[in-house]
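Input: a single structure, listed below in structure tokens.
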Amino acid sequence: DSVAMISEAINDLSDISRSMSSEIILNNGFINALEFEITQLNKSGLFQLKLQVSGEPVFLESQRELVLFRIVQEALNNIVKHAAAGIISISLHYDEKILVLKIIDDGKGFPSEQNVEIGTGLCNMKRRAGLLQGDFAINSQPGNGTEISIKIPLYEK
């Protein structure tokens, strides 16, 4: 039993390591990297994650896709650490000129008067969205979960 547990832990660590690597995005693209990340979190049995993609997906420059992926990872990390959520929904909507990324959880939320600059994770997401010339918005209420919305131009100005 111990050998099986250690083997499983090593495999899990290897999967986590791969998900942190930018190679998964370079080799597979943003959407496939998200699907891999979601599969890994769903394996835990603690969360039910869903990904919805609408519109015509566009391959972005790899650095832009990597920044987007890091935003999602930061959001998921915050949800896992703080939200006490069970259901997490990630949606990507590709419009002609804009990509809208939404991450919604059913967790405990936080008061809207709380400044989004307070948390390092939220600050990082906002800063990264800015690097992509995008808009970052967060909507949260105690007991009603949190919605993060990021709108970025598909093509650099």
Side-chain angles (χ1 to χ4, degrees), residues 12 15-16 18-22 24-25 28-157:
D12 289 348
D15 289 343
I16 291 168
R18 274 196 301 274
S19 77
M20 293 301 290
S21 170
S22 59
I24 193 169
I25 293 171
N28 302 309
F30 176 59
I31 293 173
N32 288 333
L34 275 182
E35 288 172 343
F36 177 80
E37 195 80 3
I38 287 169
T39 299
Q40 294 309 112
L41 275 171
N42 277 333
K43 280 183 185 178
S44 75
L46 300 173
F47 309 98
Q48 179 184 356
L49 281 92
K50 296 177 255 178
L51 174 64
Q52 179 182 4
V53 180
S54 60
E56 286 294 320
V58 174
F59 286 102
L60 303 173
E61 190 268 321
S62 61
Q63 280 306 111
R64 289 171 59 81
E65 287 194 343
L66 180 59
V67 171
L68 267 176
F69 186 69
R70 295 293 184 229
I71 290 170
V72 174
Q73 282 186 316
E74 188 76 55
L76 292 175
N77 186 47
N78 279 357
I79 292 167
V80 168
K81 279 184 173 177
H82 307 294
I87 299 172
I88 304 166
S89 173
I90 300 172
S91 67
L92 300 170
H93 177 70
Y94 291 86
D95 204 337
E96 287 182 19
K97 296 180 181 178
I98 314 176
L99 167 61
V100 179
L101 165 65
K102 288 190 180 188
I103 304 161
I104 302 169
D105 71 67
D106 68 344
K108 61 184 179 182
F110 55 89
S112 59
E113 62 269 7
Q114 194 172 344
N115 188 339
V116 297
E117 300 292 337
I118 291 173
T120 304
L122 294 174
C123 228
N124 285 338
M125 285 185 273
K126 185 175 182 178
R127 181 182 54 79
R128 286 179 172 141
L131 290 173
L132 298 174
Q133 302 163 349
D135 297 320
F136 174 87
I138 189 160
N139 184 16
S140 187
Q141 295 295 321
N144 289 325
T146 300
E147 177 179 322
I148 295 169
S149 178
I150 297 160
K151 296 177 184 178
I152 66 155
L154 288 174
Y155 308 101
E156 293 185 73
K157 296 176 183 173

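One is the number of the first residue; the rest follow in order along the sequence.
- Residue Ile103 holds its CD1 atom at 5.5 Å from CD1 of Ile150, rounded to the nearest 0.5 Å.
- Heavy-atom minimum distance, Phe30 versus Val72: CZ-CG2, 4.4 Å.
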Quick one, Ile138 with Lys126, criterion side chain to side chain contact (heavy atoms under 4.5 Å, CB included). Give me CA distance, side-chain angles, the key distance, then yes/no. CA-CA 10 Å; Ile138 189 160; Lys126 185 175 182 178; over 6 Å; no

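- For the pair Ile31 and Phe59, the minimum side-chain heavy-atom distance is 4.5 Å or more.
- Val100 has its side chain within reach of Ser149: a pair of non-hydrogen atoms, C-beta onward, lies under 4.5 Å apart.
- Summarising the geometry of Ser140 relative to Gly145, their closest heavy-atom pair is OG-O, 3.1 Å, with the distance given to 0.1 Å.
- A distance of 12.0 Å separates CG of Asn77 from CZ of Arg70, quoted to the nearest 0.5 Å.
- In this structure, the side chains of Leu49 and Thr39 stay at 4.5 Å or more apart for every pair of heavy atoms.
- If you take CD1 on Ile104 and CD1 on Ile90, they are separated by 10.5 Å, rounding to the nearest 0.5 Å.
- For the pair Leu101 and Leu68, the minimum side-chain heavy-atom distance is below 4.5 Å.
- Residue Ile152 comes nearest to Gly134 through the heavy atom pair CG2-CA, 3.9 Å, listed as atom of the first residue, atom of the second, then distance.
- For the pair Val58 and Leu99, the minimum side-chain heavy-atom distance is 4.5 Å or more.
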Step-by-step side chain to side chain contact (heavy atoms under 4.5 Å, CB included) determination, Met125 to Asn78: CA-CA 11 Å; Met125 285 185 273; Asn78 279 357; 3.5 Å; yes

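- Taking 4.5 Å as the limit, every side-chain heavy atom of Phe36 sits out of range of all side-chain heavy atoms of Asn28.
- Closest approach of Asp105 and Ala83 over heavy atoms only: OD1-CB, 4.0 Å.
- Between Leu60 and Tyr155 the shortest side-chain heavy-atom distance does not fall below 4.5 Å.
- Residue pairs that meet the salt bridge (charged side-chain N to carboxylate O under 4.0 Å, His left out) test with at least one member in residues 73-99, sequence neighbours left out, are Glu74-Arg128.
- Thr146 contributes atom OG1, which lies 11.0 Å from atom NE2 of His82 (distance to the nearest 0.5 angstrom).
- Under the rule for a side-chain contact (heavy atoms from CB on, under 4.5 Å), the partners of Val80 that lie at least two apart in sequence or sit in another chain are Leu41, Phe47.
- Residues Phe136 and Ile71 fail the side-chain proximity criterion, which asks for heavy atoms closer than 4.5 Å.
- Under the salt bridge (Lys or Arg N to Asp or Glu O under 4.0 Å) criterion, Glu147 pairs with Lys102, not counting sequence neighbours.
- In this structure Ser54 satisfies the side chain to side chain donor-acceptor pair (under 3.5 Å) test together with His93, sequence neighbours excluded.
- Glu65 pairs by the salt bridge (Lys or Arg N to Asp or Glu O under 4.0 Å) definition with nothing, not counting sequence neighbours.
- Nearest approach of Gly55 to Pro57, heavy atoms of both residues: O-CD, 3.2 Å.
- Residue Glu37 holds its CD atom at 13.0 Å from CG of Asn32, rounded to the nearest 0.5 Å.
- Atom CD of Glu56 sits about 11.5 Å away from atom CG of Leu154, to the nearest 0.5 Å.
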